[in-house]
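Naming: A, B, ... by sequence-line order, numbering from 1 per chain.
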2 protein chains.
Amino acid sequence: MLTTLSQPCFFGMNGGLPAGTGLPSIASMPSGSLPGVSLLPSPIPSGHLSVSSSSSGMNGQQKFSSVYKRMAQRRKVPEGELCAVCSDLATGYHYGVASCNGCKTFFRRTIVSEQTFICQYDGKCDVNKNIRCACRHCRFNKCLQVGMDAKAIQNDRDRIGPTRKAAKGSSGSDSDNAVTPIRNQDQEIVENLTHVEGLCKELRHCVLPEVNGVNQALMFDCLLFRTKELKHDPTTVFKEFYPASMNDVRMWNIREMRICIEWGKTFEAFMRLAINDQLSLVRNFAFTFNLLNRVFYSPDHGPDKIVYQNGAFILREPQQQVQLSGCRLIYPRQMDEIMIPFRKLNITEAEFATFKAAFFFNPDALDLSQKAKEDVAEERNKYLSALFTLITNKLGIPVGVQKYGSLLMMTASIQNIIAQNEENMQVMELFKNWEVDPFVRELCMKRT
Amino acid sequence: MLTTLSQPCFFGMNGGLPAGTGLPSIASMPSGSLPGVSLLPSPIPSGHLSVSSSSSGMNGQQKFSSVYKRMAQRRKVPEGELCAVCSDLATGYHYGVASCNGCKTFFRRTIVSEQTFICQYDGKCDVNKNIRCACRHCRFNKCLQVGMDAKAIQNDRDRIGPTRKAAKGSSGSDSDNAVTPIRNQDQEIVENLTHVEGLCKELRHCVLPEVNGVNQALMFDCLLFRTKELKHDPTTVFKEFYPASMNDVRMWNIREMRICIEWGKTFEAFMRLAINDQLSLVRNFAFTFNLLNRVFYSPDHGPDKIVYQNGAFILREPQQQVQLSGCRLIYPRQMDEIMIPFRKLNITEAEFATFKAAFFFNPDALDLSQKAKEDVAEERNKYLSALFTLITNKLGIPVGVQKYGSLLMMTASIQNIIAQNEENMQVMELFKNWEVDPFVRELCMKRT
DNA sequence: CGAGCATGGTCAAAGGTCAA
DNA sequence: TTTGACCTTTGACCATGCTC
């Protein structure tokens, strides 16, 4: 067992030269496995230790560092003490040496990442507070010279999540604290999706080439990568706000569902599917895509107004033009159950894009072949993971889990509204009070 | 996941082990062994210490603390004893286990601050002195596994004072000598829900008292806590498998939706709502509750058969008896989109119960008052957090996130099927080909 | 009453975080 | 990408007070 230091020694040490007393518990230090750094062969037998006896086998550096460590033990750094490396104000003894925050962090990072630096001059660069970042080779060398001890560096600790206060008291369980996994793959996925989201925005304002049915649209090359070749469509851009007409509704429905198909074709996993499975996914999702984009990208004019990109708007109690007899109104529900929650949850564009991808790859889509189900489920999992990482990296696990959960549970409301819409479309067909566009019909109507 | 220590082990160990041994058997246990398995076989019951007799009149906490004290009295930690958690040098017996300072402090802090950790991997991280800080979830789990006892944690040091004297003088005030161990909030939520789930199972086989409409059912005391007073209903128990008739369907629909109301009334947050908001939540969820329980508790007879508790079953291509003209069949969808995914995802009963609670508290339920929305959303968040913790504790983050996500996205399919069902009910009303029970109608039919 | 030990508390120095 | 001010977590050490 290690002996504890007697207090008198401590105070003596603080004032003057270190007396040969104890050593900090080397046994409790992590055994760093760094090349070129040898560990003490035996972790101190027992009983009392003295510097002289135990340091007989040490090289100069080790002796030096143990002295510093002893000094550091239980003793605050004196007021005004300077960093032994750069002469900035020291914040304490770090790795055995009075040093500043910067040099402390620099030393750890260098060791942990096993970096090697090369001096651009002659290896004799000055290291002080003002130019300490100029030469990393010489800064690191200085760290070692003044006795910073790589053995004092521990293994990776568990992640702790955001340190900046989340301000909002998420009433209840702020108790949770946990890891935030950062995965590169997830990040890449999100970046891709966000990029495609941008392309969709461009395509939204282009003249879309005519197609003859959904199948043909699925066959053509993806338009999203050719937006520059397409003509600009002036009817899609904002000029003024005005109450939407049924023509606006129709135009945007068709346009958005065309974009949905182009968007779907950007997924490799989608392109690998058989045409019937592609059709199944698209038919399952197209109107949702339409709906989600409409409300997400609607400029915020309060909770009672959905605004299209060209300025046409729909009110909570909608104008006569967009009402059809026999159809239940779904605009208030779009506002209450999708638009407002999106805003309340503060969904970012990246989150929105990733959410759509997870929604799109639905293994339970109607008529999806058994064979495709697995691939689709796997693809969904990819986007679910990416979405989770995206959200929790910003908010931390406790709050992130709730946002992630709330967002995913919105799918229930969304699907419910979609069902309502389908019912409406059937009413339209039945009473012929509005001619449904053939393209839209093909995508939205249930086969009976 | 969390392991509780079984009391007998301590007594047995304390009294039974040879004098020179103490407790090192714990430390030398293989790290993977479960406490219930490895601790129980303590050879000799209590010996000369007569712990059992002296503790017969004490409550659990006192029993424990006195045992610790006796233990401490008699036996110092042997020289060179290792920490049962991380194999560092032990500094003594802490919370019943030979352990180092670090693990001791870590355990106390975790309990006191009610923290929950989530493993970044699969919950099987190694814990030793070099990497003990790498995964806090696994370190804490190891603490519990080797038998650290949360009940030994006091939170007011000064009140531990005259334990013995108080116990002798006045019985009663000694209960707060040591604070009741603080259980993890999420875990408590899940345990509660699972308990209620069990009560629902009982109620499912009882004769339910007649009620006059949903409002009345909401007013009455919750039946779930009075199942013992209710008569057993023999028509609800299994006798043989047989094709379900429309009467089976009807009986179970009514029954399950009655249970839904009783179930809802077990939530404090629900009881705090105004009656109209209660009605809104119940109307929004009752059929979902019905549907979910039906498929979740259906005995597994393959992917093409839903089996009721009394043995009545419905096939994928259902028997004539349960088909109604004009109604779209929703049984295959129930199987494909709910029953099979539940089984594939390996949803446990605890997960199922927590999922239902999160689903129930829907801030977007139709007609929910603005005032209630916030409370309902907050309540949902509670269950979402609990569900996440439940899942990731077992599976770790990467896999858990996907299971959590997939489960929540099932709400879309479920809601879609519910919408289909509502449509069917409207058809039934319209064509009068089946008389919908008034109770069911009140809960399921959209007001127009 | 003092010896012995397991409690909780303390705080310097570890590591993590994230805006710049 | 790197930096470093600022944050949380850790654990050696300390004081306390129970039990014998």
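- Straight-line distance from the CD atom of Gln154(A) to the C1' atom of dT10(D): 7 Å, rounded to whole Å.
- Put simply, CD1 on Ile397(A) is 15 Å from C1' on dG16(C), counting in whole angstrom units.
- Taking atom NZ of Lys104(A) as the reference point, atom P of dG15(C) lies 8 Å away to the nearest angstrom.
- The aromatic rings of Phe388(A) and Tyr404(A) sit perpendicular to each other, their planes meeting at more than 60°, with 30° as the lower class boundary.
- Heavy atoms of Arg136(A) sit under 4.0 angstrom from primed sugar atoms or phosphate atoms, though from no base atom.
- Among dT7(C), dG11(D), dA14(C), the nucleotide with an atom closest to any side-chain atom of His94(A) is dA14(C).
- Between Lys142(A) and Val85(A), the closest heavy-atom pair is NZ-O, 2.8 Å.
- Proximity note for Tyr93(B) (side chain, C-beta onward) versus dA6(C), dG8(C), dT17(C): the nearest is dA6(C).
- As rounded to whole Å, 11 Å separates atom P of dG15(C) from atom CE of Met148(A).
- Between dT17(C) and Arg159(A), a contact under 4.0 Å exists linking OP1 or OP2 to a side-chain N or O.
- Among the heavy atoms of the strands lying under 4.0 Å from Cys133(A) are primed sugar atoms or P, OP1, OP2 only; no base atom is included.
- For the pair Asn128(B) (side chain) and Cys86(B) (backbone), a donor-acceptor distance under 3.5 Å is absent.
- Taking the nucleotide of DNA chain D with the nearest heavy atom to each of Gln115(A) and Asn101(A), the more 5' of the two is matched to Gln115(A).
- Atoms CG (Asn155(A)) and C1' (dT10(D)) sit 14 Å apart, rounded to a whole Å.
- For the pair Thr91(A) and Thr105(B), both in contact range of DNA chain C, the more 5′-proximal nearest nucleotide belongs to Thr105(B).
- Sequence order on DNA chain D of the closest nucleotides to Arg139(B) and Lys129(A) puts Lys129(A) first from the 5' end.
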For residues 102-109 of chain B, dump all side-chain donor-acceptor pairs below 3.5 Å to protein atoms at least two apart in sequence or in another chain.
from	atom 1	to	atom 2	distance (Å)
Thr105(B)	OG1	Asn101(B)	O	2.8
Arg108(B)	NE	Tyr95(B)	OH	3.2

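- Applying the 3.5 Å distance criterion, the base of dG8(C) shares no donor-acceptor pair with the side chain of Arg109(B).
- The base-pairing partner of dT10(D), taking Watson-Crick or G-U wobble contacts with both distances under 3.5 Å, is dA12(C).
- Taking every side-chain heavy atom of Arg132(B) into account, dG11(D) is the closest of dT7(C), dG4(D), dG11(D).
- With dT10(D), dG15(C), dT7(C) as the choices, the nucleotide that has an atom nearest any side-chain atom of Arg108(A) turns out to be dG15(C).
- In this structure, Asp149(A) atom CG and dA13(C) atom P are separated by 14 Å, rounded to whole Å.
- Between the side chain of Asp149(B) and the main chain of Gly96(B), no donor-acceptor pair closer than 3.5 Å is present.
- Atom pair Phe140(A):CZ and dT2(D):P shows a separation of 15 Å (rounding to whole Å applied).
- We find that CZ of Phe107(B) is positioned 18 Å from P of dT9(D), with the value rounded to whole Å.
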